[in-house]
Each structure stands twice: as structure tokens, then as C-alpha cells.
**Student:** 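Dropping the structure in here first, questions after.
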Amino acid sequence: MYIQDTDDTDDTNKFTYSKDIADSEFQPPPLPEVLCWEHELNKPLIGTIVTFSSFEHEQFGVQETVIVERENGEFVSAILNDYLQNAMMMQNGDIGDFIFIENQGQAKSKNGNTYNKFELVIR
């Protein structure tokens with residue numbers, strides 16, 4: 001597993017830090033095949049945070065992601081919507097931390113809008 005040293009970074013913006021690393025001359029060793037987490041209902045993504053990344057989606061723009069190593073050695077990438085990004089920052093999610101993300105289905109906001117409800121736990 002590749003662990004990045006983040007001691008010299010601002011803990012409030014790990015996504016920008018990951019982009020800075022990607023833009024620098026230093027490049028971490030490539031990960032083995034990385035699967036996409038499909039945000040399936042009640043099928044959580046559980047493992048250890050390996051790195052943060054992003055990609056440009058043709059319709060939705062820049063999508064922030066977290067890459068997680070599962071207990072079985074699989075590497076899985078999960079898109080972090082605004083809620084998950086905020087929860088990640090509030091819980092100080094960092095490389096090497098245990099992460100649990102679960103899609104708990106759809107819910108309605110106070111103003112009646114439907115959204116996907118997630119639980120995110122960092123240890």
C-alpha cells in the first residue's frame with residue numbers, strides 16, 4: 001500500500017494537496033487496478049484511505065474521489081459528492097485512516113427535495 005506523507009499540508013484541503021502532488025515531479029507508484037464503487041444501497045465501502053484524486057466528468061465537471069483499499073486487497077474509488085466531501089473534512093479524513101461509506105437510500109429534505117442519504121465514518 002502507498003501512504004503519502006501529509007505533514008506539510010493544510011489539513012482543511014486534502015483534495016488540493018493531492019492535485020499539487022499530481023502536478024509535481026514526484027509521482028507515487030501506480031496503484032493496481034482500481035474499481036469504481038457503485039454507491040449501491042446498503043453495500044458499504046469499507047477499508048483504508050490510500051489517496052485522494054479527481055477526474056473531469058464531461059457532464060458534471062471535476063469529480064473528487066477517495067481511493068480505498070479493502071481488507072481483501074481490492075482498490076476502490078468512490079466519488080465524493082458535496083455532502084461526503086464536507087463529512088470527510090469535518091472528520092479530518094486522511095490517508096491511512098479507516099473509512100466506512102454507505103448509501104442509505106433516498107430521503108427528502110425539509111424543503112421537499114429528494115437526495116441520496118449517506119453515512120460516512122472515519123477512524
**Student:** With rounding to the nearest 0.5 angstrom, report the NZ to NZ distance, Lys108 to Lys117.
**Tutor:** 14.5 Å

**Student:** I want to check something: taking the side chain as every heavy atom from C-beta on, are Ile101 and Trp37 in contact at a cut-off of under 4.5 Å?
**Tutor:** yes

**Student:** Taking all non-hydrogen atoms of both residues, which atom of Ile122 and which atom of Gly93 are closest, and how far apart?
**Tutor:** CG2-CA, 3.8 Å

**Student:** Atom CD1 of Ile99 and atom CG of Asp94: how far apart are they, to the nearest 0.5 Å?
**Tutor:** 11.0 Å

**Student:** Shortest non-hydrogen contact from Ser109 to Tyr115?
**Tutor:** N-CE2, 3.5 Å

**Student:** Given Arg123 and Phe100, is the side-chain contact (heavy atoms from CB on, under 4.5 Å) satisfied, shown in steps?
**Tutor:** CA-CA 9 Å; Arg123 297 272 185 254; Phe100 171 95; over 6 Å; no

**Student:** Is there a path of hydrophobic side-chain contacts, each under 4.5 Å between heavy atoms of I/L/V/M/F/W/Y residues, joining Val68 to Val121?
**Tutor:** no

**Student:** Looking only at heavy atoms, what is the nearest atom pair of Ser54 and Glu64, with distance?
**Tutor:** CB-OE1, 3.4 Å

**Student:** May I ask whether Tyr83 and Leu80 are part of the same hydrophobic cluster, defined by side-chain heavy atoms of I, L, V, M, F, W, Y residues being less than 4.5 angstrom apart, directly or through others?
**Tutor:** yes

**Student:** Hydrophobic clusters join Ile, Leu, Val, Met, Phe, Trp and Tyr when side-chain heavy atoms are under 4.5 Å apart, directly or via other members; which others share one with Ile79?
**Tutor:** Phe55

**Student:** Look up atom CG in Asn42 and atom CD in Glu102, then write down how far apart they are to the nearest 0.5 Å.
**Tutor:** 5.0 Å

**Student:** Atom CG of Asn103 and atom CG of Leu45: how far apart are they, to the nearest 0.5 Å?
**Tutor:** 12.0 Å

**Student:** Please give me the minimum heavy-atom distance between Val76 and Cys36, naming the atom from each residue.
**Tutor:** CG1-C, 4.2 Å

**Student:** Say you draw a straight line from CG of Asn116 to CD of Gln104; how long is it, rounded to the nearest 0.5 Å?
**Tutor:** 11.0 Å

**Student:** Please report the shortest heavy-atom distance between Ser77 and Thr65, naming the atom on each side.
**Tutor:** OG-CB, 3.6 Å

**Student:** Do Ile49 and Met88 come close enough that some side-chain heavy atom pair is under 4.5 Å?
**Tutor:** yes

**Student:** Is it the case that over 12 heavy atoms from other parts of the model lie below 6.0 angstrom from the CD atom of Glu71?
**Tutor:** no

**Student:** If hydrophobic clusters are built from ILVMFWY residues whose side chains come within less than 4.5 Å, do Leu41 and Leu35 share one?
**Tutor:** no

**Student:** Compare every heavy atom of Gly61 with every heavy atom of Glu56, then report the nearest pair and how far apart it is.
**Tutor:** OE2-CA, 3.4 Å

**Student:** Supply the atom-to-atom distance Leu84 CG to Glu119 CD, rounded to the nearest 0.5 angstrom.
**Tutor:** 11.0 Å

